[in-house]
S.K.: 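Pasting a structure here, questions to come.
Counting convention: from 1, in listed order, for ligands and their atoms alike. Just so it is clear, the structure is predicted and the values come from calculations on it, not from any experiment. We number each residue from 1, following the sequence as shown.
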Amino acid sequence: MDGDLLKFLTQFRNAPRSVGAIVPSSRELAEAMIAPIDFEKARVIVEFGPGTGVMTTAIVKKLSPHTRYVGVEVNQTFCQTLTVRFPHLHFFNRGAQDIKEILTSLGVDSVDAIICGLPWASLPIDLQVRIMSAISDVLRPGGVFVTFAYLQGLVMPAAGMLRRRLKAQFAFVKTTKIIWRNVPPAFAYVCYR
Ligand SMILES: C[S@@+](CC[C@H](N)C(=O)[O-])C[C@H]1O[C@@H](n2cnc3c(N)ncnc32)[C@H](O)[C@@H]1O
């Protein structure tokens with residue numbers, strides 16, 4: 001079995017609600033998630049919940065030397081793996097809800113893009129609210145927030161809640177095409193502040 005698959009399964013078994021998936025996202029979903037980022041102009045890009053780094057890999061391929069990357073991963077095992085795999089990037093073994101504090105420690109007050117791999121449907125509501133509020137605090141006006149959802153989850157009440165929250169919080173929200181090759185099939189919300 002692929003090393004990342006095994007790592008994901010093991011971490012899912014240890015913390016199912018926090019990891020929220022049994023396999024990493026596909027490269028196709030990662031490409032769709034990062035497509036809205038303007039890599040020429042972005043000064044700071046944040047990633048929430050990079051896991052084993054599928055989306056990080058896609059970001060790194062386009063990252064310019066003038067752009068700062070900040071990864072925030074609550075799972076210690078994933079965070080250690082990421083640090084070894086991407087030694088030139090900066091990862092924090094913290095929660096996304098702490099992003100303002102993390103950025104302040106780096107002398108950064110706002111960011112251009114947030115790529116979010118968090119498992120919204122399985123996070124406690126109060127944590128979701130704190131993370132959304134933290135996003136508003138740090139995303140610059142006109143900045144982009146991208147987060148994915150599984151197609152199968154659309155029938156669940158949590159999916160409706162997320163959609164309503166995104167529409168209330170952002171100036172403009174659109175969805176990407178469905179990535180059928182992802183397991184399970186998924187799409188992303190692309191939200192502009
Ligand atoms: C569904 S996995 C996605 C992993 C990866 N982005 C991917 O798409 O393959 C969710 C990730 O979010 C992380 N996570 C969960 N809650 C978090 C939080 N509050 N702050 C930061 N990361 C969190 C988990 O540890 C896990 O790595």
Side-chain angles (χ1 to χ4, degrees), residues 1-35 37 45-61 69-86 89-103 111 113-135 137-139 145-153 156 158-159 162 165 176 178-179 181-190:
M1 187 189 273
D2 176 294
D4 282 351
L5 264 180
L6 184 60
K7 196 164 282 168
F8 229 89
L9 266 176
T10 310
Q11 295 310 309
F12 177 77
R13 198 190 53 201
N14 294 344
R17 285 177 69 94
S18 175
V19 174
I22 53 170
V23 292
S25 299
S26 61
R27 202 163 38 81
E28 288 83 357
L29 180 60
E31 296 297 339
M33 296 272 294
I34 68 152
I37 300 179
I45 297 173
V46 165
E47 184 179 7
F48 287 161
T52 48
V54 170
M55 292 178 194
T56 322
T57 302
I59 292 171
V60 161
K61 283 189 191 144
Y69 168 95
V70 180
V72 185
E73 172 53 66
V74 83
N75 181 293
Q76 195 178 8
T77 303
F78 285 155
C79 203
Q80 278 164 358
T81 303
L82 291 160
T83 304
V84 171
R85 194 165 287 174
F86 307 98
L89 298 184
H90 209 154
F91 295 98
F92 288 81
N93 186 202
R94 302 270 298 268
Q97 60 278 17
D98 299 331
I99 187 61
K100 184 149 179 66
E101 213 180 307
I102 293 169
L103 292 173
V111 309
I114 301 177
I115 295 299
C116 175
L118 299 180
W120 290 108
S122 59
L123 295 182
I125 303 286
D126 64 321
L127 182 58
Q128 293 187 29
V129 171
R130 285 169 61 204
I131 295 171
M132 283 291 179
S133 157
I135 293 165
D137 285 345
V138 302
L139 189 64
F145 171 74
V146 189
T147 191
F148 71 86
Y150 297 124
L151 200 58
Q152 64 183 30
M156 310 294 278
L162 175 64
R165 194 166 285 147
T176 64
I178 296 166
I179 311 298
R181 288 171 66 119
N182 198 71
V183 181
F187 63 94
Y189 291 105
V190 181

S.K.: Distance under 4.0 Å to a non-hydrogen atom of Asn75: what atoms of ligand 1 satisfy this?
M.R.: 25 (O)
S.K.: Which atoms of ligand 1 sit under 4.0 Å from any heavy atom of Gln97?
M.R.: 19 (N)
S.K.: Under 4.0 Å from a heavy atom of Ser25: which atoms of ligand 1 are those, numbered in the order shown and with their elements?
M.R.: 7 (C), 8 (O), 9 (O)
S.K.: Taking atom types as modelled and ignoring hydrogens, do the side chains of Gln76 and Asn93 form a donor-acceptor contact shorter than 3.5 angstrom?
M.R.: no
S.K.: Is Asp137 salt-bridged to Arg130, cutoff N-O under 4.0 Å?
M.R.: no
S.K.: Would you say the side-chain atoms of Lys7 and Thr77 include a donor-acceptor pair closer than 3.5 Å?
M.R.: no
S.K.: Examine distances only and state if a side-chain atom of Asp98 and a backbone atom of Glu101 form a donor-acceptor pair shorter than 3.5 Å.
M.R.: no
S.K.: Given that the side chain starts at C-beta and the backbone is N, CA, C, O, which of these parts of Phe48 lies under 4.0 Å from ligand 1, counting heavy atoms, or is it both or neither?
M.R.: neither
S.K.: Classify the angle between the aromatic ring planes of Phe92 and His90 as parallel (below 30°), tilted (30 to 60°) or perpendicular (above 60°).
M.R.: parallel
S.K.: Determine yes or no for a side-chain-to-main-chain donor-acceptor pair under 3.5 angstrom, with Thr10 supplying the side chain and Leu6 the backbone.
M.R.: yes
S.K.: What residue and atom, counting heavy atoms only, is the protein's closest point to atom 15 (C) of ligand 1, and at what distance?
M.R.: Ser18 O, 3.0 Å
S.K.: Using a 4.0 Å cutoff against the non-hydrogen atoms of Met55, which atoms of ligand 1 qualify?
M.R.: 8 (O)
S.K.: As an exercise, identify every atom of ligand 1 less than 4.0 angstrom from a heavy atom of Ala21.
M.R.: 1 (C)
S.K.: Within ligand 1, which atoms have a heavy atom of Pro119 less than 4.0 Å away?
M.R.: 10 (C), 12 (O), 15 (C)
S.K.: Polar-atom distance check: Glu73 versus ligand 1, any N or O pair below 3.5 Å?
M.R.: yes
S.K.: Checking a contact table here: which protein heavy atom is nearest atom 2 (S) of ligand 1, and how many Å away?
M.R.: Val19 O, 3.1 Å
S.K.: Measure up the Phe91 and Phe86 rings against each other and bin them: parallel (under 30°), tilted (30 to 60°), perpendicular (over 60°).
M.R.: tilted
S.K.: Does any N or O atom in Gly95 lie less than 3.5 angstrom from one in ligand 1, N or O only?
M.R.: no
S.K.: With a 3.5 Å distance limit and no angle check, can you tell me whether Glu73 reaches the backbone of Gly51 through a side-chain donor-acceptor pair?
M.R.: yes
S.K.: Hey, which atoms in ligand 1 end up nearer than 4.0 Å to a heavy atom of Val72?
M.R.: 21 (C), 22 (N)
S.K.: Which bit of Ala30 is near ligand 1, meaning a heavy atom under 4.0 Å away: side chain, backbone, both or neither?
M.R.: neither
S.K.: Verify, without hydrogens or angle tests, whether Thr176 (side chain) and Ala188 (backbone) share a donor-acceptor contact under 3.5 angstrom.
M.R.: yes
S.K.: Hey, can you tell me if Trp120 and Phe145 have their rings parallel, tilted or perpendicular (30° and 60° cut-offs)?
M.R.: perpendicular
S.K.: Starting from atom 6 (N) of ligand 1, find the nearest protein heavy-atom neighbour and note its residue, name and distance.
M.R.: Gly49 O, 2.8 Å
S.K.: Taking CZ in Arg165 as the centre, count heavy atoms belonging to other residues, nucleotides or ligands within less than 6.0 Å. Is the count above 12?
M.R.: yes
S.K.: So for ligand 1, is Glu47 a polar contact partner (N or O within less than 3.5 Å, distance only)?
M.R.: no
S.K.: Report yes if some N/O of Ala96 lies less than 3.5 Å from some N/O of ligand 1; otherwise report no.
M.R.: yes
S.K.: Can you tell which of Ala186, Gly117, Pro124, Ala121 gets a heavy atom nearest to atom 3 (C) of ligand 1?
M.R.: Gly117
S.K.: Starting from atom 23 (C) of ligand 1, which protein heavy atom do you reach first, and at what distance in Å?
M.R.: Leu118 CD2, 3.3 Å
S.K.: Check the pair Tyr189, Phe148 against ring-ring contact (aromatic ring centres under 6.0 Å, His included), reporting the backbone distance first and the verdict last.
M.R.: CA-CA 6 Å; Tyr189 291 105; Phe148 71 86; over 10 Å; no
S.K.: At less than 4.0 angstrom from any non-hydrogen atom of Pro24, what atoms of ligand 1 do you find?
M.R.: 9 (O)
